[in-house]
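Presented below is the structure to which this report refers.
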Amino acid sequence: MSGHTRLYRRGAVYYHRAVVPADIVETYGKREELISLRTKDRAEALRKVRIKAVEIDNRFDEHRRSRRARDTVPVVDELSPDQIQAIKAIYHAHLLEEDEAVRLDGFREDHEVPPELPSPSFDDWKADTDVLDKHVRQLRGRFKVDPHYEFEVEEVSEWPEVNLKVSPGTKAFKQFAAALQDATLQAFADMRSRNEGNYVPTPEIETTAAPRYPKLSNTLEDWIEEKSKEDWTEATAKEHRVWTEQFMLLCGDRPINEYGKDDARRFKQVLLRLPSNWKKKSALKEMSIERAAETAVLLDMPSMSTTSVNKILRFVGSFWRWAQSHYDDIPGNLFDGLSLSTRRSQAKEERHPFTLAELSSLFTSTIYTGCKSAREWKTPGDVIPILDAKYWVPVISLFTGARLNEILQLYVADVVEKHGVTCMSINDDGDDKKLKTKSSKRDIPVHTELEALGFLKFVQKRKDEGSKRLFPDTQIGPNGSYSGPFSKHFKRFMLEAGVERKGVSFHSFRHNFEDFCRAAGMNMDFADFLQGHMQVGMRSRYGYGEVFYRELNKALQSLSFDGVDLSVLQSNAVLLRG
C-alpha cells in the first residue's frame, strides 16, 4: 500500500502532519497541523489521513478567506450568549482533542528514555492538570486575564469557526477570555474523569471543514468588490458596507443561509429607535447599535426619519438580493415587505425644487454681483470670480440637471462635439472620476442660453491655461468625491442668498430641471437620458446616433428658464471676451 506525504507516526500512534503554507503562516498561529488519527493501524491511518488532509486544506483555504476579510470584520463591543456558548464548545473540544492525542500516544514510564518528541508520565499529566486547574479557577474567580489567555483570545478569535474581532481591555475581550477559562475548567474535569478510567468522548468539531455556505463577513467582501467594479462609487460602497456590518454585529456573523426574517425584523426594530448620525452623538458613539437605540429611547432622542430607515433597509436588502442570485438555497430577500409605508405626498415633500424667486436670489447674490474676492465671497466688492467653480457650478446645474459631483469632476476635454452638437460628456474616464450608475454616463447638449452666458468661452480659458480639469480650484473630499466640500459651501451660499427653506439643497436643481422638461412638453425618454436615469428595454442599447443627438439637442433647446433672473450673469458674460 502506498504511503501519504502527511502521514506521520509518533510512538505507535499515527498522525496527520502538514506544514502551514508560507502565505498564511504568519497569521495562522502555528507552523504545522499535527493531529492524531487515533489509530495504531497503518491501513486505517492511510484511510484517515486522506480525509484529514482534505479537512486541513479546507481549513487553510478558509483561513485565507477570513484573513482577506479580517481587516473589515467589525470590532465586537459585547458578545452575545450564543457567541459565548459557541466559543466554549469549540475550545473545550480542542482541549479534549489534545488530551486524547497525548493518551493515544501513550504515557511514558519514569524509567523509560524520553522519545524524540517527549511525552509526559501519567503522574506528571495528572499533577499538571491539578496545578493548572487551581490557577485558572483563581483567574476566573477574579475575572482576570493573564498573558496566556491574552494570547489565546488573540489566536482563537481568528479561528475560522470563531472569526471575531475584540479589543484588549474591552468587555467583549474579558467575556472571550472568561469563555476560554470556563471551557478549560470543563475540560480539566473531563480529563480527571478520564484519569479515573471513565470514558469521556471528545466532541466532534463540526466546523473544521469549510462550510458549504460562507459567513456573511466573507461574502460581504465579494459583494462590495463586485458591485464596485460595476457601478458603485466609493461613497456608495461605504454606505452599503457600514450598514450591512451593523446588521452583522446585531445578528451575528453566520453562514449566509442561516439568517431569517426574524433577523431582518430585529434590525428594523433597532433602526426605528435609532437617532440619525448616532455615531456622532457623544452619548451613543461608543455603544453597539442595539444599546444605542435603547439609550436613545431613555434619553428621549428623536429617531431617524422614515426615509432614512427605508434607505438603510434597501442597503442591507440589496446584499440578500445579490446572495440569492449567487448561491443555491438562499432564502428570499429577508427585507422584502419591511419598508415603512410613506404617503406619496410625504415622499414628494422630502426634496423640493427651488422656487423661481429662490433661483433668482441665488443668481443675484454677491458671487454674481461682485464680492471682495473668491475666498471672501460673502463680502460685497468689485470682484466677480467668473473663473471660479463657485460661479459656474450652480449655473451649469440649472441648465443641465447634472449631479454635483458629475459637474465638479468634468475635464476640459469633456466639452466635445457629438454629431455636430456641442455637449458636456458625463463619464468616468479618469482616475478621479466616478459615476453613480452605469446609466449616468451620457452627453448633455449645451443650451444656447448657457452658451450666451459665456460657458464655452470659460472652457476655452481653461484650455488656454493648459488645465486638465474644468474646475481645478476644487479638491476631492475624504469620501473620495468632489461633492462633499462643495456641498458645505453651497449650504452657506444658500443662507447668504436668503434661501433657508427646509428640503432644498444643491440636489434641488435636478428637480427644477425635471420641472422645466415637463413644462416644455419634452419626451420623457429624452428627459430621463439627460438626467442619467435608468433607460428601460431597448432604449438602453440602441439609437444613440446622429438622429438621436439632433433630436436630443432640439428637445433641450426647447427648455425655457423664464422667471429666473439671469440678467446679472448676462452682463458678466462680457468679462470672458478676448
Side-chain angles (χ1 to χ4, degrees), residues 15-36 52 55-80 82-102 128-129 132-133 135-136 139-140 143-188 191 202-211 215 217-218 252-253:
Y15 288 76
H16 166 283
R17 185 178 192 178
V19 176
V20 177
D23 64 316
I24 61 172
V25 67
E26 294 302 321
T27 59
Y28 195 75
K30 49 187 172 182
R31 298 196 171 273
E32 66 176 17
E33 278 286 5
L34 182 63
I35 301 171
S36 173
K52 185 60 68 175
E55 290 182 4
I56 297 304
D57 284 342
N58 283 337
R59 186 181 296 181
F60 291 155
D61 287 341
E62 177 65 17
H63 182 80
R64 288 186 182 94
R65 286 192 292 269
S66 66
R67 289 310 303 177
R68 283 198 298 269
R70 186 68 184 169
D71 291 340
T72 60
V73 171
V75 178
V76 178
D77 297 323
E78 184 175 351
L79 298 182
S80 68
D82 287 344
Q83 288 172 324
I84 292 172
Q85 289 304 316
I87 293 167
K88 287 181 183 179
I90 292 166
Y91 196 63
H92 171 251
H94 164 73
L95 293 176
L96 286 189
E97 184 178 36
E98 286 188 339
D99 175 71
E100 186 169 338
V102 172
D128 289 347
T129 300
L132 291 172
D133 182 89
H135 175 66
V136 176
L139 293 175
R140 188 67 182 89
F143 212 60
K144 291 183 64 177
V145 183
D146 68 355
H148 168 74
Y149 280 103
E150 288 177 356
F151 175 83
E152 287 293 275
V153 170
E154 182 178 349
E155 179 177 342
V156 176
S157 68
E158 296 194 14
W159 288 0
E161 55 266 52
V162 178
N163 195 29
L164 291 171
K165 186 182 284 187
V166 294
S167 298
T170 63
K171 181 178 181 180
F173 190 91
K174 292 179 180 179
Q175 288 177 311
F176 203 121
L180 298 184
Q181 291 165 356
D182 288 343
T184 303
L185 294 175
Q186 183 183 352
F188 284 163
M191 290 157 64
T202 297
E204 290 292 330
I205 304 176
E206 299 292 340
T207 52
T208 52
K215 287 187 175 181
S217 57
N218 295 342
D253 185 15

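Below, each value reflects all heavy atoms present in this structure, side chains not excepted, and no hydrogens, waters or symmetry copies.
- Note that CD1 of Ile35 and CD of Glu55 are 8.0 Å apart. Values are rounded to the nearest 0.5 Å.
- Listed by chain and number, the residues in a side chain to side chain contact (heavy atoms under 4.5 Å, CB included) with Leu132 are Phe188 (sequence neighbours excluded).
- With sequence neighbours left out, His148 forms a side-chain hydrogen bond (donor to acceptor under 3.5 Å, both in side chains) with no residue at all.
- Checked by atom type, the side-chain pair Thr202/Glu97 shows no donor-acceptor distance below 3.5 Å.
- Atom NZ of Lys174 has 12 or fewer neighbouring heavy atoms from other residues, nucleotides or ligands inside a 6.0 Å radius.
- Inspection of the His92 and Asp182 side chains reveals no N or O donor paired with an N or O acceptor under 3.5 Å.
- For the pair Val19 and Arg31, the minimum side-chain heavy-atom distance is 4.5 Å or more.
- One finds the OG1 atom of Thr184 at 4.5 Å from the OH atom of Tyr91 (value rounded to the nearest 0.5 Å).
- Within the 4.5 Å cutoff, the side chain of Glu155 has heavy atoms near those of the Glu152 side chain.
- A donor-acceptor pair under 3.5 Å links the side-chain atoms of Gln83 to the main chain of Ser80, judged by distance alone.
- The main-chain N or O of Phe173 is found under 3.5 Å from a side-chain atom of Thr170 such that the two form a donor-acceptor pair.
- For the pair Tyr149/Lys144, no side-chain contact is recorded, criterion being any heavy-atom separation below 4.5 Å from C-beta on.
- Taken to the nearest 0.5 Å, the CZ atom of Phe176 stands 13.5 Å off from the CD atom of Glu150.
- Atom CZ of residue Phe143 and atom CD of residue Gln181 lie 8.0 Å apart, to the nearest 0.5 angstrom.
- With respect to Arg17 and Glu32, a salt bridge is recorded, a charged nitrogen being found less than 4.0 Å from a carboxylate O.
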For Leu79 and Ile87, run side-chain contact (heavy atoms from CB on, under 4.5 Å): C-alpha distance rounded to whole Å, both residues' side-chain angles, the deciding distance at 0.1 Å, then the answer.
-> CA-CA 10 Å; Leu79 298 182; Ile87 293 167; 3.9 Å; yes

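- Two residues are said to be in side-chain contact when any heavy atoms from C-beta on lie closer than 4.5 Å; Leu139 and His135 meet this criterion.
- Between Leu164 atom CG and Gln175 atom CD the span is 11.0 Å, to the nearest 0.5 Å.
- Counting heavy atoms from C-beta outward, Val166 and Asp77 have side chains that stay 4.5 Å or more apart.
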